[in-house]
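Here is how names work: the chains are called A, B, and so on, in the same order as the sequence lines, proteins then strands, and each is numbered from 1.
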Amino acid sequence: MTGGTPVAGETLPGAGDDGDDGADRVVCHVDMDCFYASCERLRHPDLAGEPVVVGMGYEPGESIGAVATASYEARAFGVDSAMPISEALELLPRRADADPDDPDAPDPAETGRYLPVDLDFYEEVASEVKAVLRDCADTRREVSIDEAYLDVTDRTSWAVAGDDPDDPPPSGAAGPSEARTLAEGYARHVKDRIEREAGVPASVGVAPNMSAAKVASDADKPDGLVVVPPGSVAEFLAPLPTADVHGVGPVTEETLADLGIETAGDLAAADRDRLAEELGERGPELSRRAAGDDDREVTPTGLPKSLSRESALPTTADEATKRETVTALAADVARRARERGCLYRTIGIKAVEPPFDVNTRARSLPGPVDDPDLVEEVALDLLGEFDETRVRKLGVRVSKLDFAETDQATLGGFEAAGDDGDRERRGGRERRGDSERRSGRERGGAGDGGKLTDWVDGPPDRGDGEEPTAERDRRDADEGQASLGDWG
DNA sequence: TCTGGGGTCCTAGGACCC
DNA sequence: TCTGGGGTCCTAGGACCC
């Protein structure tokens, strides 16, 4: 896109009522364009300009799996995210199936390139994007592998470019409608750096709050930059369909339509008590967002709340098959929990009956554990209720995660004692897990000895007086960031 | 539509406690 | 034993997002 940057609405004098007067934030939402497909193009330049479909669960030559990402060229054929590969292939045949000697073969111009998901590679690219974001904003929230919010209030402002930033025009009202704000220049800088340094395109939305920035980044994809200055947020959102508001899905959209609410403007103006009746607390909140009113701070992503694995299988009632599947999923979830250094206190399963009937069962333990055998045992026990049931998908999940506990085990057994290798570390952790399993309730008791007390005076090997809790918190934060990429 | 996998948050009802 | 009220935890399900 080479056209001018769309600036949503003009700032009308006296209309600056969206946010806190004089305290307008500058929030960017960075959304990578068809990220997986862009990553594939990065390493396969011949894919440039081609319809590209990246499928999860897809294997070359097969028609299983679902579309994870479709390039915009592929979307032009109707291929879309979450679509079964088999359906995508009908809309857009595989290039490999185009054979010039076969009159029945598809026209190569109407075919696309299909590739399986390679998350490890996408995470490498994502980490380069994140490096740019870290450089451009101190306050960030990374939402997924390809999306982040930045609060850049302290790096730029809503002042009009060319004017003295220390003396912005009142309400930004002066100047021609195409006046560029400093915020726009900064957002372009971020966008250009991502493209230059990570090699993949992004769309960026800039607004005084998160939800408007999110909508803005979506408004001109791909390769978009949409700026919504304070005072014009409500006006920018008003004509959009309710489904464009973050948090409005198909069900809510339908409910709203039944109330005669079709646009964000309708939603903003709707009776919020009525919305609360229909939608619960979410209703009024969505209405506020639609009105351009969202005071959520950009806060870093925390540690995960749950870890799960699930997998689809040909619909079956066979008990042995189901138990095998759950056993494998349980082992995998337990392994990932251990890798991330967390204990869990609740173990659950999911069993999906055709067509899409989701059943969940969960059991909480007396205390947090790291115990793969127990995950399997509990999961299989919960599965017992579905022995007769035909299922098409099974899942295993651990929740009520506890990171602090293992951190202490890690620090005590690993860092402080020196690197004794992974085996030793795991052994220590397992022993700890077992003891927790027997006496999980000991946790939280004040001054009951144990590792916490050992730390009160500082790490055993270090006399530098560094405050141990602060150190642990920092590790927590780092771990949260580092693991982000795994949840695309 | 015959939907893949990994998450988050919210709600409602029941158990249990004071 | 009944009645009332408040709070917390747990489980199950639903909606939504990427």
Side-chain angles (χ1 to χ4, degrees), chain A residues 29-36 53-59 64-70 78-88 90-91 116-117 119 122 126 141-148 211 214 217-218 242-256 276 278-286 289 296 301-315 329 332-333 336 340 345-366 382 385 392-401 480 483-488:
Chain A
H29 182 254
V30 176
D31 200 341
M32 308 305 298
D33 301 321
C34 55
F35 184 58
Y36 294 178
V53 177
V54 181
M56 82 173 59
Y58 170 75
E59 286 164 38
I64 53 169
V67 176
T69 302
V79 176
D80 209 355
S81 270
M83 179 180 279
I85 293 289
S86 55
E87 196 180 333
E90 284 172 25
L91 297 165
V117 166
L119 259 193
Y122 309 152
R141 181 185 189 87
E142 281 143 16
V143 179
S144 70
I145 193 170
D146 65 351
E147 204 188 315
S211 86
K214 164 83 183 164
S217 73
D218 241 14
T242 56
D244 284 10
V245 177
H246 197 55
V248 176
V251 176
T252 304
E253 182 185 15
E254 187 62 37
T255 305
L256 292 172
E278 293 293 329
L279 300 167
E281 262 319 291
R282 239 163 37 88
E285 184 57 31
L286 290 172
R289 303 255 173 98
R296 287 174 302 159
T301 324
L303 294 164
K305 304 279 197 302
S306 67
L307 295 174
S308 65
R309 282 247 22 207
E310 57 186 70
S311 90
L313 55 165
T315 300
L329 295 172
D332 208 76
V333 168
R336 281 167 55 211
R340 287 171 150 82
R345 205 162 85 70
T346 298
I347 297 164
I349 63 158
K350 171 157 120 175
V352 181
E353 294 179 62
F356 208 72
D357 193 0
V358 181
N359 301 278
T360 60
R361 296 293 181 272
R363 183 178 303 160
S364 287
L365 310 166
L382 294 169
E385 188 182 332
R392 48 169 291 268
K393 184 190 266 191
L394 290 166
V396 174
R397 185 166 94 116
V398 294
S399 54
K400 302 247 175 64
L401 304 185
S483 56
L484 247 179
D486 292 342
W487 319 322

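Annotation: ring-ring contact (aromatic ring centres under 6.0 Å, His included) contacts of F35(A) (sequence neighbours excluded): none. For E285(A), the salt bridge (charged side-chain N to carboxylate O under 4.0 Å, His left out) test picks out R288(A), R289(A), with sequence neighbours left out. By the salt bridge (charged side-chain N to carboxylate O under 4.0 Å, His left out) test, R397(A) pairs with no residue at all, sequence neighbours left out. Under the rule for a side-chain hydrogen bond (donor to acceptor under 3.5 Å, both in side chains), T242(A) has no partner lying at least two apart in sequence or in another chain. R309(A) meets the salt bridge (charged side-chain N to carboxylate O under 4.0 Å, His left out) test with D332(A); sequence neighbours excluded. Under the salt bridge (charged side-chain N to carboxylate O under 4.0 Å, His left out) criterion, E254(A) pairs with no residue at all, not counting sequence neighbours.
The side chain of E310(A) approaches dG6(B) more closely than any other nucleotide in the set dG4(B), dG6(B), dC18(C).
Among the heavy atoms of the strands, none lies under 4.0 Å from V67(A).
In this structure, the CZ atom of F35(A) is 13 Å from the C1' atom of dC18(C), given to the nearest Å. To the nearest angstrom, P of dG4(B) lies 14 Å from CZ of R309(A).
Counting only residues at least two apart or on different chains, the salt bridge (charged side-chain N to carboxylate O under 4.0 Å, His left out) pairs with a member in residues 351-365 of chain A are R361(A)-E385(A), R363(A)-D381(A).
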Step by step, work out the side chain to side chain contact (heavy atoms under 4.5 Å, CB included) result for D218(A) and D244(A).
CA-CA 9 Å; D218(A) 241 14; D244(A) 284 10; over 6 Å; no
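Stacking here means ring centres nearer than 5.5 Å and ring planes tilted less than 30 degrees, and by that measure F356(A) does not stack onto dC2(B).
Taking atom P on both dC18(C) and dT3(B), the two are 22 Å apart, rounded to the nearest angstrom.
For the strand DNA chain C, secondary-structure stems (runs of at least three Watson-Crick or G-U pairs, all distances below 3.5 Å) span B:5-18 with C:5-18.
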Base contacts versus sugar-phosphate-only contacts with protein, heavy atoms under 4.0 Å: please encode nucleotides 8-15 of chain C as B, S and - from 5' to 3'.
--SSSS-S
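The side chain of R336(A) places an N or O atom within less than 4.0 Å of a non-bridging phosphate oxygen (OP1 or OP2) of dG7(B).
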